[in-house]
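Written out below as structure tokens is the structure these notes cover.
Note: hydrogens, waters and symmetry copies are ignored here, and every other heavy atom, side chains too, is used. Below, chains carry the letters A, B, ... as their sequence lines are ordered, and counting in each starts from 1. Computed from a predicted structure; not experimentally measured.
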Number of protein chains: 2
Amino acid sequence: MKAQALHGHLDALLLAVLEQGALHGYAIIEALRARSGGTLDLPTGTIYPALRRLERAGYVASSWSTVNGRERRTYQLTEAGGRALAGERAGWREFSATVGRFLGPGEPPGAPA
Amino acid sequence: MKAQALHGHLDALLLAVLEQGALHGYAIIEALRARSGGTLDLPTGTIYPALRRLERAGYVASSWSTVNGRERRTYQLTEAGGRALAGERAGWREFSATVGRFLGPGEPPGAPA
DNA sequence: CTTCATGTGTAGCAAGACTACTTGTCTGCC
DNA sequence: GGCAGACAAGTAGTCTTGCTACACATGAAG
């Protein structure tokens, strides 16, 4: 899948992943890949700037910790982030319903109604 | 809904609308608005360039006709466009399934399964 | 010691949709 | 007749956002 299609939904995805617990950037990438069955394999150059956007917006907070001598920046969902996530969920539902109305919600071409 | 979220899916939408019959640009906008229940209200500056993209790609063909002294450019789905639409449908299904896995497919928070 | 996985990060590019504007006809109203 | 507003198409420039490619650092494995 071309991740380009994410456009505008990436933030929601990141918030959703962090909802289940704080993670550091690298782990977020792996979580996305795992939970999507390998479909979402996002490069670091996509994740880190996005995380910073979210932090600037106040939706996540980050804290440094040193693990095995390696600096890790762990991101955590804030309250505002939780509210934003709820909004994003609603937005996604509306969006997918709208587009689904045109492209078919899930019926593959060949499956009878 | 911010149509910005469409990013990358607009083409599929246009093809889907044209699948049901040839239309001119203005009518396409109205069709989108009508079928989406008013959610999709796209400006001409979004539609016309998109239509030209699709025409350059060979997915739609256009022909001029004069109706009531007004020039109308009617767009029609080509065979390649039909194939592209099928691909877009598949892509949309995968995309919405993937994102839905994170944001919830459609169940509003509160509605039991 | 070299290579690879882990881990974070930046700079510059490209795609796609938006805003704002332009042009022109036809219809309806005053 | 003149003016407003719907109809109809289109362009230019901007902005957001994700991508590619790169750089840097440590620990483990060979």
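B:Ala22 is linked by a side chain to side chain contact (heavy atoms under 4.5 Å, CB included) to B:Thr74, B:Gln76, counting only residues two or more places apart in sequence or in another chain. For B:Arg73, the salt bridge (charged side-chain N to carboxylate O under 4.0 Å, His left out) criterion is met by B:Glu55, not counting sequence neighbours. A:Ala80 is linked by a side chain to side chain contact (heavy atoms under 4.5 Å, CB included) to A:Tyr59, A:Thr78, A:Arg83, counting only residues two or more places apart in sequence or in another chain.
When the side-chain nitrogen and oxygen atoms of A:Arg53 are compared with OP1 and OP2 of D:dG18, one or more of them lie within a distance under 4.0 Å. Within the 4.0 Å cut-off from OP1 or OP2 of C:dA17, not a single side-chain nitrogen or oxygen of B:His7 is found.
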Please output the side-chain donor-acceptor pairs of residues 24-34 of chain B that fall under 3.5 Å, not counting sequence neighbours, one pair per line with the distance.
unit_1, atom_1, unit_2, atom_2, d
B:Arg33, NH1, B:Asp41, OD1, 2.9

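Sorted by first and then second residue, the salt bridge (Lys or Arg N to Asp or Glu O under 4.0 Å) pairs with a member in residues 58-69 of chain B form an empty list; sequence neighbours excluded. The salt bridge (Lys or Arg N to Asp or Glu O under 4.0 Å) pairs that include a residue from residues 10-27 of chain A are A:Asp11-A:Arg53, A:Glu19-A:Arg89, where partners are two or more places apart or lie in different chains. For the salt bridge (Lys or Arg N to Asp or Glu O under 4.0 Å) condition, no pair includes a residue of residues 62-72 of chain A, sequence neighbours left out.
Straight-line distance from the CG atom of A:Leu6 to the P atom of C:dA15: 17 Å, rounded to whole Å. Spacing between atom CG of A:Leu13 and atom P of D:dT17 amounts to 15 Å, rounded to whole angstrom units. Atom CZ of B:Arg73 and atom C1' of D:dC7 are 17 Å apart (whole Å).
Ring pair B:His9/B:Trp92 is perpendicular by interplanar angle, where above 60° counts as perpendicular and below 30° as parallel.
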Detail all sub-3.5 Å separations between protein N/O atoms and N/O atoms belonging to nucleotides 23-26 of chain C.
unit_1, atom_1, unit_2, atom_2, d
C:dT25, O2, B:Arg70, NE, 3.2
C:dC26, O4', B:Arg70, NH2, 3.0

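Looking at residues 44-52 of chain A, you'll see A:Thr44, A:Gly45, A:Tyr48, A:Arg52 sit with a heavy atom under 4.0 Å from some atom of DNA chain C. For DNA chain D, no neighbouring residue in residues 25-35 of chain A is found when judged by any heavy atom under 4.0 Å.
From one end of the helix from C:dC1-D:dG30 to C:dC30-D:dG1 to the other, with five pairs defining each end axis, the axis direction shifts by 0° (rounded to 10°).
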